[in-house]
Amino acid sequence: MSSVGSPPVFRRPASRVRRATVGALVTSLAGSLLALAPATTAQAAPTLLSQGRTATASSTEGAAFSASAAVDGDLTGTRWASAWQDAQWIQVDLGSSATLSHAVLNWEAAYGKSYEIQASDNGTTWRTVTSVTAGDGGTDNVTLSGTGRYIRMNGLTRATGYGFSLWEFQVYGTTGGTGPTLPGGGDLGPNVHVVDPSTPGIQAKLDQVFQQQESAQFGSGRHAFLFKPGTYNGLNAQIGFYTQIAGLGLRPGDTTINGDVTVDAGWFNGNATQNFWRGAEGLTLNPVNGTDRWAVSQASSFRRMHVKGGLNLAPNGYGWASGGYIADSKIDGQVGNYSQQQWYTRESSIGGWSNSVWNQTFSGVEGAPATSFPEPRYTTLDTTPISREKPYLYLDGNEYKVFAPAKRVNARGTSWANGAPQGESIPLSQFYVVKPGATAATINQALAQGLHLLFTPGIYHVDQTIDVNRANTIVLGLGLATIIPDNGVTAMKVADVDGVRLAGFLIDAGPVNSPTLLELGPQNSSADHAANPTTVQDVYIRIGGAGAGKATTSVVVNSDDAIIDHTWVWRADHGEGWGWETNRADYGVRVNGDDVLATGLFVEHFNKYDVEWYGERGRTIFYQNEKAYDAPNQAAIQNGSTKGYAAYRVDDSVNTHEAWGLGSYCNYNVDPTIVQDHGFKAPVKPGVKFHSLLVVSLGGMGHYNHVINDTGASTIPAGTSTVPSTVVNFP
């Protein structure tokens, strides 16, 4: 959003019988790097390296028998099974090179009679470490030696008429033998301001940081204010750019501020459309005048908050504001939407809601207005189908821990209303506390050691991809910690594993084009993560604005069942280093995985498609978009015979998809004669459904011919009046 505002307005049962004998005949093959030999004394005790890592296979018997099931730690519950023919393999990426010790193969009844264990440094060129020629099933414990990052069971001959089937494929060894072990825990660094009720000068410190951050939209400052449990009186915490305020209690009621947490727009003449990149979490507020002001736009989250009064979402003077996000919060009084053009509220409790402007969407919100779209423009779902709240730092006595909330299904209201929230507490000692100056190599070493990551406020340049390969890893940022990829690398990749949680950081594209900035799962991921999905929460993407940046596709979701819960993926339309080619970024978000859910999806200004969806059974609850302001002319956005690229496109191959509360706006201020054929594009099939759609021309700067496909009225008759064209249901 720019400063240009808009007026308010079937296979046999699996055998569970295991045999304890090992019948493998092990033979050695000569090699300079790898040779079969008795295990030598290691520098460190071998550890299990394969569990939760990315696994792939030559084939699977079906979706329930994916490669990842052989590295998930479930010894007799899940398994990989291949097609019913010889010469099949399964391999696992250990994440980094390892000194190998042994492998344990826990065979199901359909076992391998002959097979090889192979290793590779690159996943392409393989060395045979061990050969087994007289396998008899059961559990094979095979000695290995040498090194490798990728380890493969290359099945040569089956023992049965079925395929090769492993309950578990475990690889043991050591990593990082040449460097020191990184410690977990530690202090949080100078930009995390931890206070308790007796801390002197809290207001002065809040004011000092606000003065630095109030208008520092593209500055380098990053701050987090963390309030220990207790009661604080007479505070007005004004929250500027790249500033997070949070309570350190397990529940919001543990930390009370008798005062305000305020966002206003005085720095921008009362226009709140650029109040980005900030957040408030885990506090109870008693506002001084009965109503707290939170006048924000994109990339500003309001989570686990209890406001004992009202909440005003507009700036002083009720100037323009452009959308935001509330989750897991309770507002006792009314939420005054006023001039907010769009907003998404999830699993909360509110005393009421005023005004609708263009797109106000609710899911699982007690007290929300009923669906009445197109006027008033409310879209309300009784529950959120699947959710899991963002992880957060808290104090358990004097010990820092990170709480990882449990998954909820068909949730309504807050997660903490009936007592302590459900979930898991993880000591900070299990986190590598990342501080400015840390390198990507060090960060990856910490991950390879099995540590989670806590990024403290700062800016982090990475010259290699941060590889999150272990299931259930948490990557949590404080104070809008910012990751910048150098030399065109992808900033972060997540393996096709269960339960990774990414939260609270910004990825800012570097000047050398990155093919992607964030990837969830490698291409052709197929593991089922329904019981324990990966979540992405308050993770923001920026291309340009703080300087020239480029990325072909910002976010690629290959893993199934992922949840994207509040993100702003933004190709800059103002600041430094922006222009049609200067911050070229063709695609915003591309979803290839099945059963992906987006709750609170903001994607703006991409040169081509902002969102493309190829996975089956995808769902989106709330979407906000602006097309690229800076298109030089109609030819620049011509898409074959179609005028313009849709803001949200569901591929013709998709059979099932559903979305609620979607809006796209155009402001072609370089060439106001540009016309988009439509804002949204989708196949016309019974399983593809859209609810509450709108398109808006901002002040007549370009127009839409239709809302979705060829459905919905043109915005041209509305001229400059910014009156939306709406479609209630499609088809």
Side-chain angles (χ1 to χ4, degrees), residues 1-7 9 271 273-274 297-298 320 322-323 341-342 357-359 542-545 550 554 568-575 577-589 602-612 623-649 662-681 693-710 712-727:
M1 180 65 67
S2 78
S3 59
V4 177
S6 303
V9 278
N271 182 336
T273 60
Q274 292 187 23
S297 288
Q298 292 81 4
W320 295 324
S322 183
Q341 295 161 347
Q342 64 275 314
V357 190
W358 293 338
N359 180 17
R542 182 172 68 197
I543 303 97
K550 293 184 178 183
S554 290
W568 187 34
V569 182
W570 185 61
R571 174 182 170 268
D573 66 319
H574 64 273
W578 69 280
W580 187 247
E581 296 296 341
T582 304
N583 63 331
R584 183 82 193 189
D586 283 352
Y587 309 104
V589 176
F602 299 74
V603 187
E604 296 189 307
H605 304 153
F606 286 84
N607 296 73
K608 293 184 178 179
Y609 291 115
D610 299 280
V611 171
E612 292 184 284
Y623 174 66
Q624 187 266 326
N625 165 264
E626 287 181 351
K627 294 304 300 175
Y629 289 3
D630 55 340
N633 48 51
Q634 186 76 51
I637 63 162
Q638 192 68 18
N639 181 15
S641 61
T642 302
K643 294 178 180 178
Y645 290 82
Y648 186 108
R649 183 182 78 90
L662 291 81
S664 177
Y665 322 143
C666 71
N667 181 47
Y668 288 118
N669 54 23
V670 175
D671 182 358
T673 69
I674 291 176
V675 174
Q676 286 268 140
D677 272 343
H678 42 238
F680 305 91
K681 180 72 171 65
L693 293 154
L694 64 94
V695 294
V696 182
S697 168
L698 303 183
M701 295 290 180
H703 281 283
Y704 298 87
N705 283 332
H706 303 284
V707 179
I708 182 169
N709 296 0
D710 297 326
S714 171
T715 62
I716 294 174
T720 64
S721 65
T722 68
V723 174
S725 177
T726 61
V727 170

For Gln342 and Ser322, what are the C-alpha separation, side-chain angles and deciding distance, and is it a side-chain contact (heavy atoms from CB on, under 4.5 Å)?
-> CA-CA 6 Å; Gln342 64 275 314; Ser322 183; 3.1 Å; yes
In sequence, state the C-alpha distance, the side-chain angles, and the governing distance for Ser714 and Tyr704, and then conclude on side-chain contact (heavy atoms from CB on, under 4.5 Å).
-> CA-CA 6 Å; Ser714 171; Tyr704 298 87; over 6 Å; no
Thr715 and Val696: side-chain contact (heavy atoms from CB on, under 4.5 Å), yes or no, with the steps?
-> CA-CA 7 Å; Thr715 62; Val696 182; over 6 Å; no
Evaluate the side-chain contact (heavy atoms from CB on, under 4.5 Å) criterion for residues Gln634 and Gln676: first the C-alpha distance (whole Å), next the side-chain angles of each, then the deciding distance (0.1 Å), finally the verdict.
-> CA-CA 9 Å; Gln634 186 76 51; Gln676 286 268 140; over 6 Å; no
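Using cut-offs of 30° and 60° for the angle between ring planes, the Tyr645 and Tyr609 rings count as perpendicular.
In terms of modelled atom types and a separation under 3.5 Å, the side chain of Lys627 and the main chain of Lys608 share a donor-acceptor contact. Between the side chain of Asn271 and the backbone N or O of Thr273 there is at least one donor-acceptor pair closer than 3.5 Å. Without hydrogens or angle criteria, Asn583 side chain to Gly545 main chain gives no donor-acceptor distance under 3.5 Å. Checking side-chain atoms of Asn639 against main-chain N and O of Thr642 turns up no donor-acceptor pair under 3.5 Å. Listed for the Asn607 side chain is a donor-acceptor partner under 3.5 Å among the backbone atoms of Ala585. The closest donor-acceptor contact from the side chain of His706 to the backbone of His678 lies at 3.5 Å or more, if one exists at all. A donor-acceptor pair under 3.5 Å is absent between the side-chain atoms of Asp610 and the main chain of Gly588, judged by distance alone.
In summary, the side chains of Glu604 and Gln624 do present a donor paired with an acceptor at a separation below 3.5 Å, with no hydrogens or angles considered.
Between Val695 and Pro724 there is no side-chain heavy-atom pair separated by less than 4.5 Å. Here the side chains of Phe680 and Ser664 are in contact, with some heavy-atom distance below 4.5 Å. Between Trp570 and His605, some side-chain heavy-atom pair lies under the 4.5 Å cut-off. Contact check for Val603 versus Tyr587: no side-chain heavy atoms found under the 4.5 Å cut-off. Residues Gln638 and Lys643 meet the side-chain proximity criterion, which asks for heavy atoms closer than 4.5 Å.
Annotation: the span from Asn667 atom CG to Thr722 atom OG1 amounts to 11.0 Å, rounded to 0.5 Å. The distance from atom CD1 of Ile708 to atom NZ of Lys681, rounded to the nearest 0.5 Å, is 9.0 Å. If you take CD1 on Ile716 and CG on Asn705, they are separated by 5.5 Å, rounding to the nearest 0.5 Å. A distance of 7.5 Å separates OG1 of Thr726 from CG of Leu694, quoted to the nearest 0.5 Å. Note that OG of Ser697 is 11.5 Å distant from CD1 of Ile674, once rounded to the nearest 0.5 Å. Taking CD of Gln298 as the start and CZ of Arg542 as the end, the distance is 13.5 Å to the nearest 0.5 Å.
Residues passing the ring pair (Phe, Tyr, Trp, His ring centres under 6.0 Å) test with Tyr623 are Tyr648, sequence neighbours excluded. Contacts of Tyr668 classified as ring pair (Phe, Tyr, Trp, His ring centres under 6.0 Å), with partners at least two apart in sequence or in another chain: none. Partners of Asp677 under the salt bridge (charged side-chain N to carboxylate O under 4.0 Å, His left out) rule, at least two apart in sequence or in another chain, do not exist in this structure.
Closest heavy-atom contact between Asn625 and Ala647: OD1-CB, 3.1 Å. Taking both residues in full, the closest heavy atoms of Gly712 and Ser725 are given as C-OG, 4.1 Å, listed atom of the first, atom of the second, then distance. Contact record, Val569 with Ser554: CG1-CB, 3.7 Å, taken as the closest heavy-atom pair. Of all the heavy atoms in Tyr629 and Glu626, the pair that sits closest is OH-OE1, 2.5 Å. When all heavy atoms of Pro632 and Asp671 are compared, the pair lying nearest together is O-CB, 3.5 Å.
Taking the six-membered ring wherever Trp is involved, the centroid distance between the rings of Trp358 and Tyr665 falls below 6.0 Å.
In this structure, Arg571 is not positioned above the aromatic face of Phe606 in the sense of NZ or CZ being under 6.0 Å from the six-membered ring centre and within 45° of the axis.
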